[in-house]
Amino acid sequence: MLQVNVIRNKKEDVIERLALKNYTDINVIDHIIELDDSRKKLQFEIDETQSKINASSKEIGQLMAAGKKELADTKKGEVGSLKSLLQPVNEKLSAIENELHDELIKLPNLPHTSVPKGKTPEENEIVREGGKKKPLQKDAIPHWDLAKKYDLINFELGNKVTGSGFPFYKNKGAKLQRALIQYFLDYNTSAGYTEYQPPLLVNEESAYGTGQLPDKEGQMYFSGADNFYLIPTAEVPLTNIYRNDIIKETELPIRLTAYTPCFRREAGSYGKDVRGLNRLHQFDKVEIVQMVHPEKSYGVLEEMVIHVERLLQSLELPYRILRLCGGDMSFASALTYDFEVFSAAQEKWLEVSSVSNFESFQSNRMKIRFKPAQAPGGNADGKTQLVHTLNGSSLALPRIVAALLENNQNTDGIHLPKALQSYFGKAKIY
RNA sequence: GGAGACUUGUCCGAGUGGUUGAAGGAGCACGCCUGGAAAGUGUGUAUACGGGAAACUGUAUCAAGGGUUCGAAUCCCUUAGUCUCCGCCA
């Protein structure tokens, strides 16, 4: 959620940048400012009246103590009429506050100045590519066939027990999952991220905090008896840890990591894109989240990109990094880098990570703030301000598995990258 | 799941209708003291939204929401959470 003051003070800039995200409803901007104006006016009016009421109430107390009951009763009458005056103004104020909030929540985050123009994924900017595409054997097969050949994943069983998009991993397939999770978490914690194991169901407030609600409830599984949502990503519980908190500046940056299954309804996707592991309703992911000082967030974003890039390099997979164009970015993001790996048998690039800086868009919703450290030799100077939040996947498992299987297939089995061998316990799957 | 007790500031803790944003203590920050430190001592130490050039100032907030009252941290209702006992259970 954007801050009203930003909209007020940099109106032209805001309009220009919203256009990059294909948001062109300028009237909303003006409407927001108008609403904020009347909000202030009404607030002032109410404060004034309330102040009078409070003063009179004190007087009444003193009059009663002095035994001047008649005077007190007169005062009571005065206060009563002030109060009846106040009531409709109060109602008006809360109506306006609600409307203001509803308008603000519709605005997407402002894209960073480095975000390329564009509307479709084709207009994303390729930042760099890495890793080597190795030539495959002649009879190379896609991962869903490899999964069957080596008895790693059973998709049909998932259909039977739950539905499509809920596979069973089995034997070495299950172990590979476990190895990847363990490896990713170790990699993150040794880089200074604190490991969590969060709840997989969250309440409404949390889903709202990270921006899944109010718009995207259709994408989440919902447990109606308790009003809980199954998390679509660990970002939701992790970021919400600090909802409504004021953090000491000395505690920043806060770095969190967690492995969780992720649940996505993904209504409306079909065809060959969803074949095998390409798109699932339940999948495993290791996530990283940071909360940082606003001035440092873009430096941290680059660090996170390098962090994920090195992880991909250690898996010896061909990858590329994209800077998303305005039209392809998520609602809440100010700058996003996507990571894709090349899955050789499908000859497709698959997204395996998305690293974003949300600036204060989420923290404003969630009221995650920090208190500046006291300046030496003086009192606290700076005001409490919003932190910047960032997150990224490191990494989403299914497509990594797809690429590992396809790219590393050989006549004698699937060769695993060195980094993974000690976790998996063997050098190959056969 | 049943019964009861409880929920106050960074923490501990007082407060059961009238200058209580909230005693007291601890912590923390800054200063004094000291050769330096400890001890001692002084001052300061919540958040949000307003007004004001500023100094400063208004309003709201004692789990959350609502109600009673001229006035609520204090009384009532609802919800959430914590603890104790019982039941159940991986």
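Below, chains carry the letters A, B, ... as their sequence lines are ordered, and counting in each starts from 1. Worth saying up front: this structure is predicted, and the values here are computed from it rather than measured.
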Shortest non-hydrogen contact from [X] toward [Y]:
X	Y	answer
Arg243(A)	Asn240(A)	NE-OD1, 2.7 Å
Ala402(A)	His143(A)	CB-ND1, 3.4 Å
Tyr23(A)	Pro108(A)	CD1-CD, 3.7 Å
Pro232(A)	Cys262(A)	O-CB, 3.2 Å

Would you indicate which nucleotide in [options] comes nearest to any side-chain atom of [X]?
X	options	value
Ile60(A)	U59(B), A46(B), C70(B)	C70(B)
Gln50(A)	G50(B), A60(B), G18(B)	A60(B)
Phe44(A)	G50(B), C70(B), G58(B)	G50(B)
Lys371(A)	C70(B), A46(B), G50(B)	A46(B)
Lys58(A)	G51(B), G58(B), U19(B)	U19(B)
Asp36(A)	G50(B), U47(B), G18(B)	G50(B)
Arg369(A)	G50(B), U47(B), U19(B)	U47(B)
Gln43(A)	U47(B), C70(B), G50(B)	G50(B)

> Given Phe339(A), which of Leu317(A), Leu350(A), Val352(A) fulfils the side chain to side chain contact (heavy atoms under 4.5 Å, CB included) condition?
Replying inline: Val352(A)
>> Using a strict threshold of under 4.0 Å (side-chain N to carboxylate O), is an ion pair present between Asp145(A) and Lys149(A)?
In response: no
> Rounded to whole angstrom units, what separation is found between the CG atom of Asn203(A) and the C1' atom of G81(B)?
Replying inline: 13 Å
> How many Å lie between NE2 on His101(A) and P on A48(B), as a whole number?
Replying inline: 17 Å
Base, sugar-phosphate or nothing for [X]? Non-hydrogen atoms, less than 4.0 Å.
X	result
Ile246(A)	sugar-phosphate
Lys40(A)	sugar-phosphate
Ser51(A)	sugar-phosphate
Asn54(A)	sugar-phosphate

> On RNA chain B, nearest-nucleotide positions of Ile46(A) versus Val79(A): which is more 5'?
Replying inline: Ile46(A)
> More 5' along RNA chain B: Gly77(A) or Asn5(A), using each one's nearest nucleotide?
Replying inline: Asn5(A)
>> How long is the straight-line distance from NE2 of His388(A) back to CG of Asn364(A), given to the nearest 0.5 Å?
In response: 10.5 Å
> Given Asp151(A), which of Lys172(A), Lys170(A), Lys175(A) fulfils the salt bridge (Lys or Arg N to Asp or Glu O under 4.0 Å) condition?
Replying inline: Lys170(A)
> Does OP1 or OP2 of C70(B) have a side-chain N or O of Ser56(A) closer than 4.0 Å?
Replying inline: no
> Between Arg39(A) and C49(B), does any side-chain N or O lie under 4.0 Å from OP1 or OP2?
Replying inline: no
> If you write RNA chain B from 5' to 3' in dot-bracket form, with Watson-Crick or G-U pairs under 3.5 Å, [ ] for crossing pairs and | for pairs with another strand, what do you get?
Replying inline: ((((((((.[[[..)..(.....]]]((((((.......))))))((((((....)))))).[[[[[..)....]]]]])))))))....
